[in-house]
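Single-structure report; data block below.
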Amino acid sequence: MEKPTLPKGTRDFGPAVMAKRQFILNTIRTVFQRFGFLPLETPAMENLSTLTGKYGDEGDQLLFKVLNSGDFLKDIDASKLETRNSKLVASEISEKGLRYDLTVPFARYVVMNRHEITLPFKRYQIQPVWRADRPQKGRYREFYQCDADVVGTDSLICEAEIVLMIKEVMQHLSIHDYTIKINHRGVLNGIAEQVNASGRESDLFVVIDKLEKIGEENVRNELSEKGFAAQQLDKLFELLKTAGTAQQKLNILSTSLASSTSGKKGIDDLKDVFKLFEHYQANSDHVEFDVALARGLSYYTGCIFEVKINNVAIGSVSGGGRYDNLTQAFGSKEQLSGVGISFGIDRIYDAMEELNLFPKETLASSKVLVCHFDDATRHYVLSMLTRLRAAGINSEVYPDIAKLKKQLDYANKKNISFCLVIGEEEIQSGSLTLKNMERGEQEKLSIENIIHKLTH
RNA sequence: GUGGAUGUAGCUCAGUUGGUUAGAGCACCAGAUUGUGGUUCUGGGGGUCGCGGGUUCGAAUCCCGUCUUUCACCCCA
């Protein structure tokens, strides 16, 4: 008999892990709801035509494809099969794929349901996504994203609120040392114009994004290899090295990029976002304007965000941005602008575990275990169990007749706070033994008093 | 997708130049204690040494393949 295993990059989540995951998840959901977002779920599978072409060539390769049902090779051209080139037949034997993120399915939903959606439409979505990536630390093949997006408005209030939501989530999770990086595709395009690299933006941005990680020297080398001239690179780094506070950097760049329409738009948008924080009477702590932030997904057109937890060796825990044309990819004639944020709870979990930030209460299960000694006391105990539950107290009974030691041991392992011990003596007197498992103290009380004590 | 490392009990790991019946700590089960857990003491169960092949009188140990996990690259939550 073979031992069962899990597919590469997937995991089970046992009760102890689930308690912590749900703590994160509930925090994010509560914040999303507080900002007026409504829930949406979409299928795990989408038509491949919905998914392909939205994430760039790299992204397409990472899509999990689902084989057609039935005898899927029956009608395939024999000569194509002869070539042994799976790409040739892929589109004919697979027409569905697992979702790669939540933004594209959301855009598809908006287009399909355009008639019954009131704009601006704010939705949140918490579901797993799948990527056929090679797993490593903080990178899984199945992981959860928690997205909140707004479509149908280009108001920068949405961008500002995204930052406010990130801050609120982080605060509730007790994560204090983190950075929200913000940039704008317009600024990046403006920079590309300034260094005469229009049309080669993606080549440029992918490398720029690695600046912090690999340093100026390596970025220069990679870009020269891609054919950028030393003169262009000098100009590039002059712009990238703009220093100071967010305000100062914005002011400097607004003159450096003044000749670029998209650069100017980017700077103005960012200035407005920072100004909005003031109107919200919020500060811009943790928010950093990073000219080198470039996020890979090709559909972003406006502000882009990324959140990193400091002093943890894990990638970004959240990312997002504005996209103007996503619905047009699904044949929508009107131009709907959208902006969204995505939290990766698997990475937040790993970071919190590493930083020891989980409150210990997340482990708690039932509050009370009712204990008994024999058939008769076990029968009696069931009626007490019903009363506890009716009072809203999470409680359970040890189902087998067992020594008290074993029952207390069970409660101890399950982190149950109280044991209600009921034997002949307690049934006779009506005064039941309530044992506090943490302190080891116990007292005799009526069921009414016990319920009162545990609910107040 | 490319390159490197890894795998021994549920967990963390020992295991000599290839040599008898593969060990420890923690965890688990039972007893010490017939109505009192988390401490202590005593005893116990648990391994196809990732899997498959090869070399050898003999393999956890050496070789090849494969899978898992992991690190770097690519990319990303």
Side-chain angles (χ1 to χ4, degrees), chain A residues 1-11 14 24 28 55-63 86-87 99-103 126-147 166 202 205-207 209-210 213-214 218 222 294-298 305-309 313-321 340-351 369 371-374 377 398 401-427 432-442 444:
Chain A
M1 186 66 96
E2 225 170 275
K3 280 184 193 166
T5 56
L6 286 171
K8 191 197 281 267
T10 65
R11 298 146 302 152
I24 300 173
I28 294 172
Y55 309 106
D57 290 344
E58 291 277 354
D60 284 355
Q61 298 210 313
L62 297 179
L63 286 174
S86 41
K87 279 178 190 163
R99 72 166 100 77
Y100 178 91
D101 72 358
L102 302 177
T103 309
I126 300 178
Q127 289 189 275
V129 303
W130 294 268
R131 295 183 188 178
D133 212 350
R134 185 179 285 208
Q136 42 177 284
K137 184 172 185 168
R139 176 181 299 188
Y140 307 98
R141 289 185 141 183
E142 179 186 60
F143 62 97
Y144 271 71
Q145 287 194 333
C146 310
D147 276 33
I166 294 170
S202 59
F205 299 163
V206 166
V207 184
D209 193 47
K210 293 191 276 188
K213 191 174 174 186
I214 64 176
N218 293 315
E222 278 197 38
R295 296 194 52 71
L297 291 177
S298 49
F305 308 99
E306 187 162 283
V307 183
K308 284 207 162 138
I309 299 177
I314 214 151
S316 62
V317 296
S318 180
I341 184 72
S342 177
F343 287 93
I345 83 156
D346 304 82
R347 283 188 177 178
I348 294 176
Y349 179 99
D350 290 347
L369 177 74
C371 306
H372 45 79
F373 296 94
D374 50 33
T377 50
Y398 194 85
I401 291 173
K403 288 181 192 167
L404 185 57
K405 175 184 163 66
K406 188 155 187 174
Q407 300 182 51
L408 292 175
D409 199 35
Y410 173 81
N412 198 44
K413 278 175 191 153
K414 284 193 69 177
N415 217 17
I416 294 173
S417 333
F418 294 93
C419 281
L420 185 53
V421 182
I422 304 176
E424 275 309 319
E425 192 188 317
E426 281 86 354
I427 296 180
L432 315 178
T433 303
L434 182 70
K435 184 178 175 77
N436 180 319
M437 294 301 283
E438 200 179 324
R439 298 185 188 170
E441 296 162 357
Q442 59 187 51
K444 293 212 158 188

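In this text the structure is predicted, and so the values were computed from the model without any measurement. So that the names make sense, note that chain A is the first sequence line, chain B the second, and so on, each numbered from 1.
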Rounded P spacing from B/A30 to B/G15 in Å: 34 Å
Sugar-phosphate, base or nothing in reach of A/E58, heavy atoms under 4.0 Å: sugar-phosphate
Separation between the C1' atoms of B/G7 and B/U70, rounded to whole Å: 11 Å
Nucleotide paired to B/G38 in any strand shown, Watson-Crick or G-U, under 3.5 Å: none
B/U70 base / A/R134 side chain donor-acceptor hit below 3.5 Å: no
Side-chain-base donor-acceptor pair under 3.5 Å for A/R139 and B/C75: yes
Pairwise P distance for B/U16 and B/U55, with rounding to whole Å: 24 Å
B/S/- contact track for nucleotides 35-42 of chain B, protein heavy atom under 4.0 Å: BBBB----
Interatomic distance, A/I314 CD1 vs B/A77 P [rounded to whole Å]: 14 Å
Sugar-phosphate only, base, or nothing, as touched by A/K210 at under 4.0 Å among non-hydrogen atoms: sugar-phosphate
Sugar-phosphate only, base, or nothing, as touched by A/S342 at under 4.0 Å among non-hydrogen atoms: nothing
A/D57 atom CG, over 12 foreign heavy atoms within 6.0 Å: no
d(CD1, A/I214; C1', B/C73) in whole Å: 11 Å
Span that lies between the P atom of B/U61 and that of B/U48, in whole angstrom: 16 Å
Residue A/Y144 excluded, over 12 heavy atoms near OH under 6.0 Å: no
Of A/P7 and A/V317, the one whose closest RNA chain B nucleotide lies more 5': A/P7
RNA chain B: 5'-proximal contact among A/Q136 and A/G344 (nearest heavy atom): A/Q136
Sugar-phosphate only, base, or nothing, as touched by A/G320 at under 4.0 Å among non-hydrogen atoms: nothing
Nearest-0.5 Å distance that lies between atom OG in A/S417 and atom CG in A/L434: 10.0 Å
Working for salt bridge (Lys or Arg N to Asp or Glu O under 4.0 Å), residues A/K405 and A/D409: CA-CA 6 Å; A/K405 175 184 163 66; A/D409 199 35; over 6 Å; no
Pairwise P distance, B/G65 and B/A9 [rounded to whole Å]: 25 Å
Watson-Crick or G-U wobble partner of B/G18, both distances under 3.5 Å: none
B/A72 OP1/OP2 closer than 4.0 Å to side-chain N/O of A/K137: no
Distance (rounded to the nearest 0.5 Å) between A/S318 OG and A/I166 CD1: 5.0 Å
For atom CZ of A/R11 and atom P of B/U69, their distance in whole Å: 11 Å
A/Y140 and its side chain to side chain donor-acceptor pair (under 3.5 Å) partner, picked from A/D133, A/T10, A/D346, A/D350: A/D350
Span that lies between the P atom of B/G23 and that of B/G44, in whole angstrom: 14 Å
Atom P, compared across B/U6 and B/G10: separation rounded to whole Å: 23 Å
Per-pair stack call A/F143 and B/A77, 5.5 Å, 30°: yes
Parallel, tilted or perpendicular: ring planes of A/Y398 versus A/Y410, cut at 30 and 60 degrees: perpendicular
B/G1 versus B/U66 - spacing of their P atoms, nearest Å: 13 Å
Rounded distance in Å - CG (A/D133) to P (B/C73): 13 Å
